[in-house]
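Counting convention: from 1, in listed order, for ligands and their atoms alike. This one's a predicted model, so the numbers in the text were calculated from it and none came from an experiment.
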Amino acid sequence: MQDTIVMKFGGTSVADAERIKRAARRIVAKRERGFRVVAVLSARGKATDELIAMAEEVSPAPDPREMDMLLSTGERISCALCAMAINDLGHQAVSLTGSQAGIVTDTAHTKARILDVRADRIHAALDEDKIVLVAGFQGVSTAKDVTTLGRGGSDTTAVALAAALGAAECEIYTDVAGVFSADPRIVADARKLPVVSFEEMLEMSASGAGVLQLRSVEYARNHGVRIHCRSSMEDGPGTVIVAEQDTMERPLVTAITHSTGESKITLLGVPDRPGIAARIFGALADANVNVDMIIQNEAASEGAGADMSFTVTRDDLRVARLTLEPVVDELGIGGIKEDEKMGKVSVVGAGMRSHPGVAAKVFDVLGDAGINIEMISTSPIKISCVIRAERVDDAVRGLHDAFALSGKDTVLAEDPFAGPR
Ligand code: ASP
Ligand code: MG
């Protein structure tokens with residue numbers, strides 16, 4: 001049987017009619033090279049942001065179920081339009097919603113997780129020689145409601161389909177040429193990385209690299225899906241995400257990632273007894289708020305209560321505040337403080353595992369730049385520092401420079417649609 005390829009196109013790659021037609025041509029070219037093709041599309045351009053803004057115009061706290069009904073439309077528009085364009089190129093395309101494509105999720109509206117992919121309808125369409133377009137970022141819950149998979153969720157749709165269909169590769173077409181050693185908008189000489197390991201990519205996605213949604217990388221690692229991140233505007237290979245033993249080079253530091261969308265919450269005078277942290281973070285988890293870094297300081301004196309600081313994304317701040325208010329009262333916590341405009345800079349590299357001294361150098365660089373570090377967290381292959389959002393760009397440039405991460409880009413292939421295959 002022919003190999004199946006999943007091709008995912010991000011929002012900028014389908015932003016206008018010209019780009020939709022370009023994506024259609026790319027999809028058709030893949031089909032004409034003998035592959036069975038399933039394409040996953042994102043909503044056009046800023047469509048999802050616009051839908052969110054529309055919801056906020058009519059309601060201060062939109063109902064999550066209705067939010068999903070609304071948000072899922074963006075991706076459906078892209079797919080229907082692209083199917084029309086493909087049909088005009090003399091091929092047969094069929095567009096499917098997430099639900100029609102058999103993407104079954106849990107019931108966590110706006111952040112649902114994929115539980116199962118029942119791909120029989122896709123298989124049937126492929127067997128009929130059709131090109132299948134699947135609306136990204138959405139599914140149907142076990143309660144039969146439309147769900148969405150969280151911002152950037154089309155990546156996860158694509159990887160989940162690649163896993164379910166046994167696809168040879170999951171290609172992620174985006175507006176950048178691959179995964180870079182830092183955001184090229186901040187660091188002009190950032191280097192395109194030819195290969196990144198799943199472990200490094202997990203840390204990078206978790207710490208702000210927008211190219212791939214974190215869950216898509218997790219899913220790919222767990223199911224052994226090979227991801228190829230590449231440009232939809234130009235040809236040539238991008239970045240391949242593979243298991244660690246397959247990566248060729250292993251520098252000390254691979255990339256600097258960042259985010260400017262963090263917020264810090266501090267609880268003052270938290271009673272110092274067992275079970276308190278569990279109550280606080282349990283409540284946040286139940287409200288689906290992801291907590292990143294947590295710091296707790298000892299009570300200054302007997303009975304004074306501890307201070308506890310943690311970060312959440314700015315998008316989650318409102319829900320976090322609403323969730324914590326009753327908990328603060330219930331536990332007799334002294335007070336709650338918020339710093340809305342926080343950022344985070346992270347240094348990621350598998351080579352760190354066996355080389356000490358990276359953290360010291362990171363702190364040196366930030367200190368020399370006069371950047372105050374408010375929180376620190378580490379993993380075997382990552383060091384993250386929470387700093388004020390307005391110093392993030394300086395921190396990224398300083399660290400990229402200090403670890404000498406710029407270098408020559410990889411050579412472009414001749415074949416206009418060449419990838420690794
Ligand atoms: N359109 C959705 C978003 O902007 C999903 C995606 O593009 O992956 O988050
Ligand atoms: Mg994305």
Considering only the protein, which heavy-atom contact is closest to [atom], and what is its distance?
atom: atom 7 (O) of ligand 1; answer: Ser42 OG, 3.0 Å
atom: atom 6 (C) of ligand 1; answer: Ser154 OG, 3.4 Å
atom: atom 4 (O) of ligand 1; answer: Arg151 NH2, 2.9 Å

Proximity to ligand 1 by part of Gln213, non-hydrogen separation under 4.0 Å: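 No part of Gln213 comes within reach of ligand 1.
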Do the side-chain N and O atoms of [X] and [Y] include a donor-acceptor pair separated by under 3.5 angstrom?
X: Gln138; Y: Thr148; answer: no
X: Ser379; Y: Glu203; answer: yes
X: Gln213; Y: Thr156; answer: yes

Contact with ligand 1 for Gly11, non-hydrogen, under 4.0 angstrom: no
Contact (N/O only, under 3.5 Å) between Gly152 and ligand 1: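 Such a contact does occur with ligand 1.
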Min side-chain heavy-atom separation Thr147-Thr107 under 4.5 Å: no
Ionic contact status for Arg391 with Asp394, cut-off 4.0 Å: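 Answer for the salt bridge query: yes.
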